[in-house]
> 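Quick one: the structure is below, questions incoming.
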There are 2 protein chains.
Amino acid sequence: MASRGVRRPTIAEIAERTGVSAGAVSYALNGRPGVSEETRSRILQVAREIGWMPSAAARALRGGGTSTVGLVITREPAVLGIEPFFMAFVAGIEQVISEEGYALLLQVTADPARVLQTYREWWSANRVDGIFLTDLERSDARLGLLKELELPAVVVGDPAFAEGLCAVGSDDAGAARAAVAKLADLGHRRIAHLAGPDRFVHTRVRSEAIGAAARELGIEVVCEIHTDYSLDSGARACDRMLDAQPRATAIICDNDLTAVGAVRAARSRDLQVPRDLSVLAWDDSPLCQLAEPPLSALSRDVSAYGVAAARALLDLVKGGDAVGLTPSTATLVDRGSLAQVPAGN
Amino acid sequence: MASRGVRRPTIAEIAERTGVSAGAVSYALNGRPGVSEETRSRILQVAREIGWMPSAAARALRGGGTSTVGLVITREPAVLGIEPFFMAFVAGIEQVISEEGYALLLQVTADPARVLQTYREWWSANRVDGIFLTDLERSDARLGLLKELELPAVVVGDPAFAEGLCAVGSDDAGAARAAVAKLADLGHRRIAHLAGPDRFVHTRVRSEAIGAAARELGIEVVCEIHTDYSLDSGARACDRMLDAQPRATAIICDNDLTAVGAVRAARSRDLQVPRDLSVLAWDDSPLCQLAEPPLSALSRDVSAYGVAAARALLDLVKGGDAVGLTPSTATLVDRGSLAQVPAGN
DNA sequence: CTGTTAGCGCGTTCAC
DNA sequence: GTGAACGCGCTAACAG
């Protein structure tokens with residue numbers, strides 16, 4: 001550690017300047033009884049003057065919490081640059097926690113095993129008061145660890161799979177129903193689903209909701225392929241889909257990158273979007289507007305999602321019993337990549 | 001703060017289990033002389049078993065550093081989702097610091113005044129050992145504050161404007177020269193520059209380098225317009241550029257979003273890229289590959305940039321005298337948005 | 001050489 | 001309103 005010539009102001013310094021004890025200063029600073037209003041205001045005055053802030057270390061040591069919450073993002077660093085979800089999510093989190101003097105401790109690692117280790121480290125080093133858990137998987141090992149450590153946590157995902165932990169979920173099933181209904185309205189009878197990785201809970205939720213909605217409306221999901229959310233895997237999946245018989249006339253893609261890939265695959269066969277194939281993306285990002293053609297998408301406010309998760313976690317951390325909640329359902333934004341089913345289908 | 005039933009393992013617990021004093025345990029854990037090899041290994045063994053980690057709070061309180069470095073991102077939360085720079089940069093930082101047991105404290109705020117306040121808060125609360133400073137501006141107020149607080153910092157930007165602080169810069173001037181040379185090679189005699197915001201140091205650096213290179217090669221920069229890096233401002237700027245006489249036949253855009261905007265503006269006048277207008281983007285991101293047409297770009301490894309900055313900061317924080325350095329110059333990746341100058345120009 | 005004891009850093013809180 | 005103890009890891013001074 002570099003030596004630092006400038007001394008940080010401490011309570012002792014305020015005590016000395018105001019001629020009272022350190023204890024009194026603490027009471028005054030925390031708005032507790034035990035000091036006269038007069039000395040209190042003198043103390044506050046001096047504190048402001050010298051720019052005093054409580055030492056995070058001392059507070060944490062005392063057991064007063066670290067004013068820090070943690071998020072581990074399990075992604076290949078290279079992928080992060082293009083994945084719009086996390087930055088928007090983090091921005092939403094920041095909006096809430098910075099107001100309350102909390103900070104976000106971030107870790108990016110591609111290794112899932114490392115996450116458990118990080119949780120343990122953060123816990124035993126007392127670095128965070130609470131944790132955001134994203135990319136919920138079925139029978140997720142992280143849940144057990146968080147419960148074992150009794151580390152306050154907010155799960156970002158379906159409450160049904162959160163094993164009792166507070167969860168902030170999105171209504172993916174509702175969005176899926178809306179999407180299928182829209183496609184059915186346009187006359188499509190055979191649709192495909194380019195899903196995300198199978199291990200994620202929300203992948204399963206979406207698949208089932210799409211399937212159920214399709215049955216209800218008397219149309220068919222002729223093809224479901226799992227991707228890894230990358231553009232390439234989307235293109236490959238769409239290619240396979242186009243080979244299959246009977247061929248779908250519309251596809252729902254679990255994220256925007258795979259949707260762009262799908263458009264590319266269609267084009268390389270001289271199929272036009274949306275004339276020959278309707279494409280609907282999930283998780284509307286700026287990418288959907290930039291794509292050629294602009295992509296219709298199930299749009300949700302990811303940043304608001306972060307806001308909701310942060311509110312819940314802070315509540316939990318402060319001893320409240322935050323209730324899980326589900327922010328608004330995604331809405332279908334039509335940008336023109338959906339069309340009536342081609343004649344003869 | 002929520003009560004936590006599970007007790008964090010402490011040095012005292014290890015001392016009790018091994019039957020030695022807490023002091024001895026500390027010596028053993030830190031690899032210092034004063035304990036026999038035998039007891040040392042017993043202590044290490046027990047420490048591993050119960051999963052001991054030093055309390056970050058206690059260490060920080062003792063003056064041993066916080067094992068945390070900070071980054072304040074000054075952006076509108078909404079913009080962050082599409083700006084690929086920061087996520088890639090953060091990923092690079094993480095790669096280095098997580099290896100060394102450091103964590104990244106992040107703050108996202110749109111308010112530039114707030115940054116100074118955050119630096120002060122982080123300093124007086126002793127929350128970070130060092131800071132990354134991005135988006136360097138000319139006569140940047142943050143530099144003075146960091147020096148006043150003697151807070152170790154690495155400036156991400158041109159060393160010439162870092163006022164003595166350690167800087168990790170990119171060789172924008174070199175990249176600019178390469179870009180202009182390429183355009184001159186293709187026969188362009190009049191080029192335009194869609195620059196970034198004027199207040200940023202690197203904007204000025206690029207403008208001057210482009211101007212100098214153009215003079216040297218006997219071609220002309222007929223138009224330079226500042227944008228705010230958004231797609232819309234890029235489109236508007238390109239529109240203005242296309243109105244001007246004499247009209248440029250190629251444009252260099254300071255980021256990828258404005259380049260996409262420029263392509264759009266050109267298209268809305270029925271100009272084709274690259275036949276009628278060559279477009280070159282800076283800061284290659286996946287967007288350049290996704291655009292229609294794919295955009296040629298000055299590509300640099302942003303993640304490696306983060307790696308270099310993190311290495312420098314950790315060195316500094318640990319008392320080393322990190323030297324500023326400049327990672328490799330961006331290379332021009334041609335994806336087909338550049339072409340020979342149209343006939344008659 | 002091996003180990004122990006005591007006190008520090010800083011804010012909080014309890015007994016007086 | 002005061003003094004002292006506490007939380008946890010580190011280290012200087014000291015004892016066997």
Side-chain angles (χ1 to χ4, degrees), chain A residues 1 3-4 6-44 46-47 50-67 101 121 123-127 129, chain B residues 1 3-4 6-44 46-47 50-67 101 121 123-127 129:
Chain A
M1 202 201 118
S3 75
R4 228 163 279 158
V6 200
R7 248 190 23 261
R8 229 175 300 280
T10 70
I11 262 191
E13 195 175 333
I14 301 175
E16 195 180 357
R17 292 205 190 203
T18 52
V20 293
S21 70
V25 174
S26 177
Y27 287 133
L29 257 15
N30 293 309
R32 305 174 67 97
V35 282
S36 70
E37 273 316 311
E38 199 197 317
T39 43
R40 182 192 301 279
S41 68
R42 238 183 40 236
I43 288 169
L44 292 178
V46 172
I50 66 176
W52 178 85
M53 293 273 309
S55 152
R59 282 232 165 121
L61 186 60
R62 198 68 187 61
T66 62
S67 291
E121 284 175 12
W123 173 75
S124 53
N126 195 14
R127 297 200 71 149
D129 295 342
Chain B
M1 193 198 127
S3 76
R4 229 163 280 155
V6 200
R7 247 191 23 262
R8 229 175 299 281
T10 71
I11 264 192
E13 194 176 334
I14 302 175
E16 195 181 356
R17 292 207 191 203
T18 52
V20 293
S21 70
V25 174
S26 178
Y27 286 131
L29 257 16
N30 293 307
R32 304 174 68 97
V35 282
S36 69
E37 276 315 312
E38 199 196 316
T39 43
R40 181 190 303 276
S41 68
R42 237 181 42 235
I43 288 169
L44 292 177
V46 172
I50 66 175
W52 178 85
M53 292 275 307
S55 152
R59 280 230 166 127
L61 187 59
R62 196 71 185 56
T66 62
S67 291
E121 284 174 11
W123 172 76
S124 52
N126 196 14
R127 297 200 71 147
D129 295 343

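If you're wondering where the values come from, they're calculated on a predicted model, not measured in any experiment.
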> What is the separation between atom CH2 on A/Trp123 and atom P on D/dC8, rounded to the nearest whole Å?
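So the CH2-P distance, A/Trp123 to D/dC8, works out to 12 Å.
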> By nearest nucleotide on DNA chain C, pick out whichever of B/Gly19 and B/Arg59 is the more 5' one.
B/Gly19
> Does some side-chain heavy atom of A/Leu44 sit less than 4.5 Å from a side-chain heavy atom of A/Leu29?
yes
> Provide the closest heavy-atom pair for A/Ala125 versus B/Met53 in the form atom of the first, atom of the second, distance.
N-CB, 4.1 Å
> Please report the distance, rounded to the nearest Å, between CD1 in A/Ile14 and C1' in C/dC10.
12 Å
> Need one value for B/Ser55: base, sugar-phosphate or nothing, where a base atom within 4.0 Å counts as base even if backbone is also close, heavy atoms only.
sugar-phosphate
> So, for B/Arg40 and B/Tyr27, which heavy atoms are closest and what is the spacing to 0.1 Å?
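Nearest pair, atom of B/Arg40 first, then B/Tyr27: NH1-O, 3.7 Å.
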> Identify whether any heavy atom of A/Val25 sits under 4.0 Å from a base atom; if not, whether one sits that close to sugar-phosphate; answer base, sugar-phosphate or nothing.
nothing
> If you take any heavy atom closer than 4.0 Å to DNA chain D, which residues from residues 29-43 of chain A end up in contact?
A/Gly34, A/Val35, A/Ser36, A/Thr39
> Between A/Glu16 (CD) and D/dT2 (C1'), how many Å, whole number?
17 Å
> Salt bridge or not for B/Glu121 and B/Arg127, using N-O below 4.0 Å?
no
> Strictly below 4.0 Å: does B/Trp52 bring a side-chain N or O up to OP1 or OP2 of D/dC8?
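For D/dC8, OP1/OP2 do not have a side-chain N/O of B/Trp52 under 4.0 Å.
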> For A/Asn126 and D/dG9, give me the distance from atom CG to atom C1', rounded to whole Å.
13 Å
> Touch check for B/Arg62, heavy atoms < 4.0 angstrom, all strands: base, sugar-phosphate only, or nothing?
base
> Just checking A/Leu61: base, sugar-phosphate only, or nothing, at a heavy-atom cut-off of under 4.0 Å?
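Contact class for A/Leu61: base.
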> To the nearest 0.5 Å, tell me how far B/Trp52 CH2 sits from B/Thr10 OG1.
9.5 Å
> May I ask you to check whether A/Thr66 and A/Asp129 show a side-chain donor-acceptor distance below 3.5 Å?
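Yes, A/Asp129 and A/Thr66 have a side-chain donor paired with an acceptor closer than 3.5 Å.
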> Of all the heavy-atom pairs spanning A/Ala60 and A/Asn126, show the shortest one and how long it is.
O-ND2, 3.6 Å
> From the set C/dT4, C/dT13, C/dC10, return the single nucleotide nearest to any side-chain atom of B/Tyr27.
C/dT4
> Report the residue (B/Ala24 or B/Ala58) whose heavy-atom-nearest nucleotide on DNA chain C is the more 5′ of the two.
B/Ala24
> Do A/Ser26 and A/Ile11 have side chains that get closer than 4.5 Å, going by heavy atoms?
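The answer is yes, as the side chains (C-beta and beyond) meet within the 4.5 Å cut-off.
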> For B/Arg42 and B/Thr18, work out which heavy atoms get closest and say how close.
NH2-O, 2.8 Å
> Describe, as an angle rounded to 10 degrees, how the axis at the first end of the helix from C/dC1-D/dG16 to C/dC16-D/dG1 is tilted relative to the axis at the last end, five pairs per end.
60°
